Amino acid sequence: MCGIVGSIGKEDTVSILIKGLKRLEYRGYDSAGIAVIDQKGLILVEKRAGKVKDLENEIGEWKPDTNIGIAHTRWATHGEPNELNAHPLMDCKNRIALVHNGIIENYGSLKKILADRGHFFRTETDTEVLAHLIEEFYEGNLFEAVRQSLQEVEGTYGIAVISSLEPDKIIIARHGSPLAIGHSGGGMLVASDTAAIVDHTNKVVYLEDREIAQVSKDNYKIETIEKVIVTPKLQIIETDIKKIEKGGYSHFMLKEINEQTQIIKDSIRGRLDRESGTARLDGLDRHKKQLIETDNLIILGCGTSYYAGLIGGYVIERNAGIQVNVEYASEFRYKNPVVRKNSIAFAISQSGETADTLAAMREASRKGAVCLGICNVVGSTIARESEGGVYIHAGPEIGVASTKAFSAQVMVLNLISLLLGRMRIMSYDEGKIYVDRISEIPQKIKSVLDEADCIKEIAKLYSDRNNFLYLGRGFNFPVALEGALKLKEISYVHAEGYPAAEMKHGPIALIDKEMPVVVIAIKDSVYSKVLGNIEEVKARKGKVIAIATEKDSEIQKKADHVIYVPETIDSLYPLLTVLPMQLLAYYIAVERGCSIDQPRNLAKSVTVE
Ligand code: F6R
């Protein structure tokens, strides 16, 4: 959510910043801006509402004589996404420029104090108070002025600050919003996400919460806001540039959907133990005793990750016989939740930075739960703060709508259920069969993805509809929720996911000949019930798009369209049934001409509440 990049000591500062912003654009894209200090010591700022491309077009061949600059791509929280409110934001005398991710919660009271002291505000943002606060504290030392300002601030921040008064440094600080320093030959880079700087370096130092750094062209120092000197930990990151480029696909989303065969192979590689009919998850080893003893798991997540968690709840209860509470992280943190003495909480998050999930995890930990993470981004805050956990190995997910991360989360939750199951109620033979069925999944994913053209044709027929209903039961009920969410997010079509049997308790009133109903009707234990639900839709002239198990000829007679998936065991079906959902949403959005990788109002990684 919002992206920051900065460069010092390197030539071609403007193009480094613009390229960095493009790599960050998936995190926020309603406006963008850049500030550099030229050789005369002046801060030059360019900002635009809209995409980074608009900013790039605007600045054209602009090549100021500079080797220091900061830049930002925004997802608006306070104040409209217009040019004025775009970052960088400045102090009264235009001598300090600042970019900020996060929210300054006490900006109202600070603004009033600063206005009373004569500061003049130009924007509706919360961020601007910080530029004025730094100006207020400035007495010849930018690092100290930023530090003092941050002591006054409540809320979350990742910031980068430059000043024409000290044009040889960038000051950065973090609390709740990630930031890293990158060592690059002949200069230094700073970024809120290493994607912005991987073209230049793979050596980074991550800041921790409440740390502040002064970065100059050939070195840096880090301290805590409370003045404790920090010894930096240099890390080598392994981002493959190919993984963050479209690689010939028209959209990242389509690329990521198609990567799922490989991603699922990656998420199970080395983790299946056929000999013992179980899963091997090193990140949980230290907690074996607690995992054996617990009688309550809590799964916390938001959005798509929450839906993957719901599937995890079904799967773990079925395979391991442990009671699981799956909770929206945003609700859990404020409801004064009951956490039992031996509860274990899994925080599930692709980015590992989602503010609500992090806060819920901290709340669970405060109340005594062992907190484990299921994350994609290595070294992310949730991954670092949890006591252990499992990486999903989905690789960078750039499309704002999550696809491959969902599948990898569901697979990891299946592996956890297998491990817990074998510690408790699952027999050796059952475990071995589970291992075999899991190993077959990548090939089965491929065979569903090979049917993309048939889904594209169905999408064309229904792309003009304004409402969709998605129905599923059991393990596939959360898949119905996820299918509806995907459609809403990227094509702005209203869609609702429902447990199929609940339809008759209300939503059935919506059904008429205009209403497409996507029904997951695979051959599992509730198949005949779902067929009954399809009859109910057809009796009201609704159009049924069924996701069914291959060779099911019965369903052809009932549904208007059938998309087949290969046979597997009940708890693994979501890994197959979600694929037509993702493709249907994608092709409908294509037909409607939507901005697929950057849907309106959304951003990847929601680091504000
Ligand atoms: C939907 C989507 C969001 C995220 C949610 C949680 O396509 O991407 O609903 O799933 O914001 O994000 P993470 O998993 O990063 O915590």
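Order of listing sets the numbers, starting from 1, for every ligand and every atom in it. This one's a predicted model, so the numbers in the text were calculated from it and none came from an experiment.
Here the protein heavy atom with the shortest distance to atom 15 (O) of ligand 1 is S351 OG, 2.7 Å. With respect to atom 10 (O) of ligand 1, the closest heavy atom belonging to the protein is T304 N, 3.1 Å. The nearest heavy-atom contact from the protein to atom 11 (O) of ligand 1 is V606 CG2, 4.0 Å. The single protein non-hydrogen atom nearest to atom 12 (O) of ligand 1 is T354 OG1, 3.4 Å, given as residue, atom name and distance. At the shortest separation from atom 14 (O) of ligand 1 among protein heavy atoms lies S305 OG, 2.5 Å. In terms of protein heavy-atom proximity, atom 5 (C) of ligand 1 is closest to C302 O, 3.6 Å.
Atoms of ligand 1 lying under 4.0 Å from any heavy atom of K486, numbered from 1 in the order shown and given with element: 1 (C), 7 (O). Atoms of ligand 1 lying under 4.0 Å from at least one heavy atom of Q350, given by number and element, are 13 (P), 14 (O), 15 (O), 16 (O). For ligand 1, the atoms sitting less than 4.0 Å from at least one non-hydrogen atom of E489 are 1 (C), 2 (C), 7 (O), numbered in the order shown with element in parentheses. Interface atoms of ligand 1 facing A401, defined by a heavy-atom separation under 4.0 Å, are 7 (O).
Not a single heavy atom of E353 sits closer than 4.0 Å to an atom of ligand 1. Heavy atoms of T403 stay at 4.0 angstrom or farther from ligand 1.
In this structure, the separation between CG on L297 and CG on L372 is 9.0 Å, given to the nearest 0.5 Å. With rounding to the nearest 0.5 Å, the separation of CG in L576 from OG in S407 is 9.0 Å.
Between E208 and R384, at least one side-chain nitrogen of the basic residue sits less than 4.0 Å from a carboxylate oxygen of the acidic one, meeting the salt-bridge criterion. Ion pairing between a basic and an acidic side chain is recognised when a charged N comes within 4.0 Å of a carboxylate O; E363 and R333 show no such pairing. Using a 4.0 Å cut-off between a side-chain N of Lys or Arg and a carboxylate O of Asp or Glu, K486 and E489 qualify as a salt bridge.
In terms of polar-atom proximity, defined here as any N/O pair under 3.5 Å, Q409 makes no such contact with ligand 1. Backbone and side-chain nitrogen or oxygen atoms of S402 are examined, and one is located within less than 3.5 angstrom of a nitrogen or oxygen of ligand 1.
Residue pairs satisfying the salt bridge (charged side-chain N to carboxylate O under 4.0 Å, His left out) criterion with at least one member in residues 583-597, sequence neighbours excluded, are absent.
Q235 places no side-chain N or O within donor-acceptor distance of the main-chain N or O of Y206, the cut-off being under 3.5 Å. E387 places a side-chain N or O within 3.5 Å of a backbone atom of C371 that can act as its donor or acceptor partner.
Under the rule for a side chain to side chain contact (heavy atoms under 4.5 Å, CB included), the partners of L481 that lie at least two apart in sequence or sit in another chain are Y307, L310, F477.
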